[in-house]
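Nothing fancy with the numbering, it's 1 onward along the sequence. Just the heavy atoms: all of them, side chains too, but no hydrogens, waters or symmetry mates, feed the values below.
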Amino acid sequence: MSLVEDFLTQDEELQIVEAIKQAEKATSGEIRVHIEKTASVAHSTRATEVFHLLKMDTTELQNGVLIYVAVEDHAFVILGDKGINDVVGATFWNSSKDIMRAHFKQGEFKEGLIAGIKNAGEQLQKYFPWQEDDIDELPNEISRGDLKN
Ligand code: CA
Ligand code: CA
């Protein structure tokens with residue numbers, strides 16, 4: 001088994017998907033998690049690439065958020081779409097990142113992701129509240145592996 005498969009058990013993965021569902025009950029923002037082994041370019045560059053490959057730039061309010069994890073590199077990135085960046089400051093994701101980093105350092109990957117998702121959802125809620133006619137624009141399932149163009 002590779003590190004990517006070992007990173008989360010199936011049950012942990014289900015708990016993370018559930019956390020995304022819960023978070024999206026409070027915000028119109030769409031949260032996704034992508035996990036891969038390693039990146040051959042800067043992690044911020046790779047996260048942007050994955051964001052586009054997952055078509056996360058197609059939401060109506062441009063409020064998709066990608067939590068990108070490169071397992072072997074011990075690196076992660078939280079990347080929000082344009083609609084979010086237009087209304088928040090550069091430090092917007094800092095609290096989500098801090099929470100995730102603290103858990104990851106302890107090897108608590110599931111806890112870190114769930115706490116990060118929860119925090120990101122609460123943050124987004126202020127700017128992008130859930131609305132009556134909300135649709136699930138992006139799948140909540142975790143995406144894995146070396147996505148290519
Ligand atoms: Ca939605
Ligand atoms: Ca969704």
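Side chain of Thr27 to main chain of Phe128: a donor-acceptor pair is present (N/O by atom type, distance under 3.5 Å, no hydrogens or angles). With Thr9 contributing its side chain and Glu12 its backbone, the two residues share a donor-acceptor pair below 3.5 Å.
With respect to Trp93, the side-chain contact (heavy atoms from CB on, under 4.5 Å) criterion is satisfied by exactly one of Leu79, Asp98, Ile78: Ile78.
To the nearest 0.5 Å, atom CZ of residue Arg101 and atom CG of residue Asn94 are 8.0 Å apart. Remark: Lys55 NZ to Arg32 CZ distance equals 11.0 Å, nearest 0.5 Å. Summarising the geometry, atom OG1 belonging to Thr59 is positioned 10.0 Å from atom CD1 belonging to Ile135; distances are rounded to the nearest 0.5 Å. Here the CD atom belonging to Glu36 is positioned 8.5 Å from the CG atom belonging to Asp73, to the nearest 0.5 angstrom. How far CE of Met100 is from OG of Ser95: 11.5 Å, rounded to the nearest 0.5 Å. In this structure, Ile35 CD1 and Ser143 OG are separated by 8.5 Å, a value rounded to the nearest 0.5 Å.
Closest approach of Ser28 to Asn63, counting heavy atoms only: OG-ND2, 3.1 Å. In this structure, Ala47 and Val77 approach most closely via the heavy-atom pair CB-CG1, 3.7 Å. Residues Asp81 and Phe51 approach most closely at CB-CZ, 3.6 Å, considering heavy atoms. Contact between Gly64 and Met56 at its shortest, heavy atoms only, is C-CE, 4.2 Å.
With a 6.0 Å radius and a threshold of 12 heavy atoms from other residues, nucleotides or ligands, Lys118 has its NZ atom at or below the threshold.
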(message) Show, in sequence, the C-alpha distance, side-chain angles and deciding distance for Ile142 and Ile16, and conclude whether the side chain to side chain contact (heavy atoms under 4.5 Å, CB included) test is met.
(response) CA-CA 8 Å; Ile142 294 177; Ile16 290 164; 3.8 Å; yes
(request) Decide side-chain hydrogen bond (donor to acceptor under 3.5 Å, both in side chains) for Gln123 and Asn119; before the verdict, give the C-alpha distance in whole Å, the side-chain angles of both, and the deciding distance to 0.1 Å. (result) CA-CA 6 Å; Gln123 295 266 95; Asn119 185 274; 4.6 Å; no
(request) Please lay out, stage by stage, how Glu60 and Glu137 fare under the test side chain to side chain contact (heavy atoms under 4.5 Å, CB included). (result) CA-CA 8 Å; Glu60 196 186 341; Glu137 292 175 283; 3.7 Å; yes
(request) Could you walk me through whether Glu141 and Val17 pass the side chain to side chain contact (heavy atoms under 4.5 Å, CB included) test, one step at a time? (result) CA-CA 6 Å; Glu141 278 64 42; Val17 173; 4.0 Å; yes
(request) Quick one: do Asp57 and Gln62 satisfy side chain to side chain contact (heavy atoms under 4.5 Å, CB included)? Show the steps, please. (result) CA-CA 6 Å; Asp57 45 5; Gln62 296 186 294; over 6 Å; no
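Outside the 6.0 Å centre-distance limit, the rings of Phe76 and Phe109 are not counted as a close aromatic pair.
Looking at heavy atoms from C-beta onward, Lys105 lies out of side-chain contact with His74 at the 4.5 angstrom threshold. Contact annotation: the side chain of Tyr127 approaches that of Val88 to within less than 4.5 Å [non-hydrogen atoms, C-beta and beyond].
Cluster annotation: Ile99 and Leu8 are assigned to distinct hydrophobic clusters (Ile/Leu/Val/Met/Phe/Trp/Tyr, side-chain heavy-atom contacts under 4.5 Å, transitive). By the rule that hydrophobic residues join a cluster once side-chain heavy atoms approach within less than 4.5 Å of another member, Val65 and Val87 end up as members of one cluster.
Between His34 and Tyr68, the ring-plane angle classifies as parallel under the 30° and 60° cut-offs.
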Sequence neighbours excluded and cut-off under 3.5 Å, please list the side-chain donor-acceptor pairs for residues 18-26, or say none.
| unit_1 | atom_1 | unit_2 | atom_2 | d |
| --- | --- | --- | --- | --- |
| Glu18 | OE2 | Gln22 | NE2 | 2.9 |
| Glu24 | OE2 | Ile31 | N | 2.8 |

